[in-house]
Amino acid sequence: MPLVPDWFRPVAEYMLREGLPETLRIAAIALVASVAIGLTLGTLMTIRFFPLRWLIRFYVEVWRGLPILVTVLFIYWLPAYDIGSFHLQLNAYQSAALGLSLWGSAQVAEATRGAVQSIPKEQHEAAAALGFGWIGRHRFVILPQATRRLLPPMVGLLVNIIQNTTIAFVIGVNEFLQAGTRQFENVTSGLTGQVAPSYAPFMIFGFVMLGFFVICFPLTRLAAYLEKRLVV
Amino acid sequence: MFDRSVHILASFEWSVIWDNRGLFWDGFKHTIKAGALGFVLAYVVGLVLGAVRAHRIPVLNQVAVTYVELIRNTPILVQIIFLYYGLPVLGVHLETFTVAWLSITIWGGAFMTENFRAGFEAVPPRLREAGYALGFTPLKAFLNVTLPIGGRIALPSTINTAISVVKNTSLLLIIGYPELTYVANSIQSNTFRVFEAFSALAVCYLTIVWALSALIRFLEARLALPEAL
Amino acid sequence: MKRIVVLTIVFGLVVTAAVAATFGTAAPSRGVAQATLPAKPKLPPLPAAVKARGKWQIGVKCDTPPFGWQDTSGRNRGYDVEVARQFARWAFGSASKVDFTCVTTASRIGTLTSGRVDIIISTLTWTADREKVIDFSVPYYNAAGRLLVKNDVTVGKLATWMPGKKLVSTSGSIYDRWIKNCFKNTSFQVVSSPAAGVLAVKNDQADAMMYDDAFLVGVAANDSSLKLASNVFLKVPWGVGIRKGETDMKRWVDASVRGMRARDMFWSILKRTIPRRFWKGFKVNAPSPKIKLQYPRASPPENNCPS
């Protein structure tokens, strides 16, 4: 990297080595959990059984309605749950992953419900005519079509999840933004042997933005492309 | 000491919420101040830039595209921090409240721009042409045809973005803006009553968000466009 | 007569030896003092939970050089961190037997009381209020509060200068409480880290930053546009934070701190973590055989408002 100032190289390396993998780890866990839970709940929401519908609807409205930061802070600061010798206390990383998953699964559930309900009734009737039960119908006919429609919003959700991992910064997880902030603090105090010019905050936080942009921009383009292909 | 968790579930202390109601109210006011300002200004930005995008106005369109892509592909928390710590390097010194509403406006404006653009582009061209046939100038056509109809089409997505703007005020605690989440967190760290502080916080946010969602459903019904469009 | 003289001399020697043993040697040089002490003091038993785990879980600062920070290779460094590593050496034989959790001024007590760490060594100033919630070990560092201002600012007496000014400090710090207690007409804003406070002063978002001397001295030395006001206040030592009621933990930590003090280890740690040009000024802040620190229990400082 030719244009990188001397003071910035170790800073950037620290951020990329320590912070970025943490961001991607949290995002991966949250994505997998959100999709798994969300698809299940979303499909269940289409069953004409009102208590179940309302329960899932409540779950969705709560986790979508609360700011993710509030959810994460709540989970992190809850006192440890102890029964006998079983001690449950989530660390910062786990709290962030769980909070993101709750929100993400609510988003996926809502999107799945919409996608499943957008499948024309004729598909259900045709599948039933062919002898499929409820589960078989959904597994072989409805869900494959619904998930195809879900693909663009799912890519969009991935972008959102990656960006929302920065919320973990507030509870001290050493993800990409936190790594940058730590370096900014070291450099500003002047007591760590690192010297940096006064425009250091601009460069450090600019680098954080650049990092996220480089990851998210291609994904956003991908989502737009999938959307166009789907409409055909 | 670890039986605390079971104790807490059984002993919800309303007094924690009641004693701190002044703090909660101050936090609520701060949330509303920044949130309302961001809400309204994001709409304005989105409307203007959405029109620019939809009509492909030469230079401004490129600027709008860059703005939108930059903001949509970076986390809002980083944008807030960048505005707060990075701008002063360029000589721009803003006080906390300014960074608060400005950061969420910039973020919301980008999403609103896309929402409005989609709405304006969804207006059937024949309606605009009808406007021209009636002697409208492009500006008049926009104000009398595209805006009312496109705005209504964009209503669900724009109000969703607006609700997100209000929810994102919670992130302003990192710059020391004393909104609701900041208040609840400081109460929790002083009294150790996490459940009470955060349940109150959750109720506040859900009230705001659900009320705004109910508003969108009401407006959608009221301003529904005739089917034949 | 001769017998009385001999007995007096022997008696005097015994008394001197007893006194020397009790109060430590004052006159001899450091080297001699260390040579008479074993490398590791006799410590009470390690608390069971820590022993079972085989390593410490200690909360330290990661944003406050030179006490707790992370270098570009990701290693925790600083005065507090060195103290933690010494605990690990004496408990388990190796400085690596400790896991660090980063805490901030605002989150450190919550992190301790919620059981996430065994103890916190995180620039924790003693206050009577905090002692209601957690226990403090014997002091391990002495700090005072200072004001960081821009070069063109003159402060004078605190009581006359403070009203109407805008101050920053970290959330939950002793300065936070003191300003809210004593300077009701001063507008106070919290920042999330000490560096953020420095920036606030540099960018004219605040008139002054109130914080610990060691940190601010370093900042002022490195930045020619900032200086420290001459006012010194809230001179109170720091202690290791321990959960209330964990007497075995307190006994172990106290014994270790005393052991480190007797072996002048705090001065060595200070030299390892603070730049050389500040050694002279801060030598008095580290406990040593000559310097004993005590908490101002008789008159808690956060209640003393300057007139």
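Here is how names work: the chains are called A, B, and so on, in the same order as the sequence lines, proteins then strands, and each is numbered from 1. Remember, predicted model here, so these are calculated numbers, not experimental data.
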Need one label for A/Val214: side chain, backbone, both or neither, based on atoms under 4.5 Å from any heavy atom in chain B.
neither
Per-residue tally against chain B (heavy atom, under 4.5 Å) across A/Ile204, A/Asn164, A/Val62 peaks at A/Val62
Look at A/Leu219, A/Val70, A/Asn160, A/Thr71 and state which one has the largest set of heavy-atom pairs under 4.5 Å with chain B.
A/Val70
Verify side-chain contact (heavy atoms from CB on, under 4.5 Å) between B/Asn185 and A/Trp77, making sure each step is shown before the conclusion.
CA-CA 9 Å; B/Asn185 201 32; A/Trp77 284 115; 3.8 Å; yes
Backbone N/O of A/Ile68 and side chain of B/Lys167: donor-acceptor pair under 3.5 Å:
no
Do the ring planes of A/Phe74 and B/Phe198 sit parallel (below 30°), tilted (30 to 60°) or perpendicular (above 60°)?
parallel
Could you tell me which portion of A/Ile167 (side chain, backbone, both or neither) has an atom closer than 4.5 angstrom to a non-hydrogen atom of chain B?
both
Please walk me through it: do A/Leu69 and B/Leu173 pass side-chain contact (heavy atoms from CB on, under 4.5 Å)?
CA-CA 10 Å; A/Leu69 176 62; B/Leu173 62 65; 4.1 Å; yes
Please classify the contact between B/Asn168 and chain A as side chain, backbone, both or neither, with a heavy-atom cut-off of under 4.5 Å.
neither
For the aromatic rings, using the six-membered ring if either is Trp, is the centroid distance between A/Phe202 and B/Tyr85 under 6.0 Å?
no
Is the number of heavy atoms from other residues, nucleotides or ligands within 6.0 Å of CZ (A/Arg17) greater than 12?
yes
Below 4.5 Å, heavy atoms only, C-beta onward: do B/Phe195 and A/Leu78 meet side chain to side chain?
yes
Does the side chain of A/Phe176 come within less than 4.5 Å of B/Val78's, by heavy atoms?
no
For A/Leu73, is it the side chain, the backbone, both, or neither that has a heavy atom closer than 4.5 Å to a heavy atom of chain B?
both
Quick check on the structure: residues of residues 66-77 of chain B within a heavy-atom distance below 4.5 Å of chain A, by number.
B/Glu69, B/Leu70, B/Arg72, B/Asn73, B/Thr74, B/Pro75, B/Leu77
pair A/Thr166-B/Leu171: side-chain heavy atoms closer than 4.5 Å
no
Side chain / backbone / both / neither for B/Thr181 at chain A, heavy atoms under 4.5 Å
side chain
Between A/Glu61 and B/Trp210, what is the shortest heavy-atom contact and its length?
O-NE1, 3.5 Å
When rounded to the nearest 0.5 Å, the distance separating CD of B/Gln188 from OH of A/Tyr76 is 10.0 Å
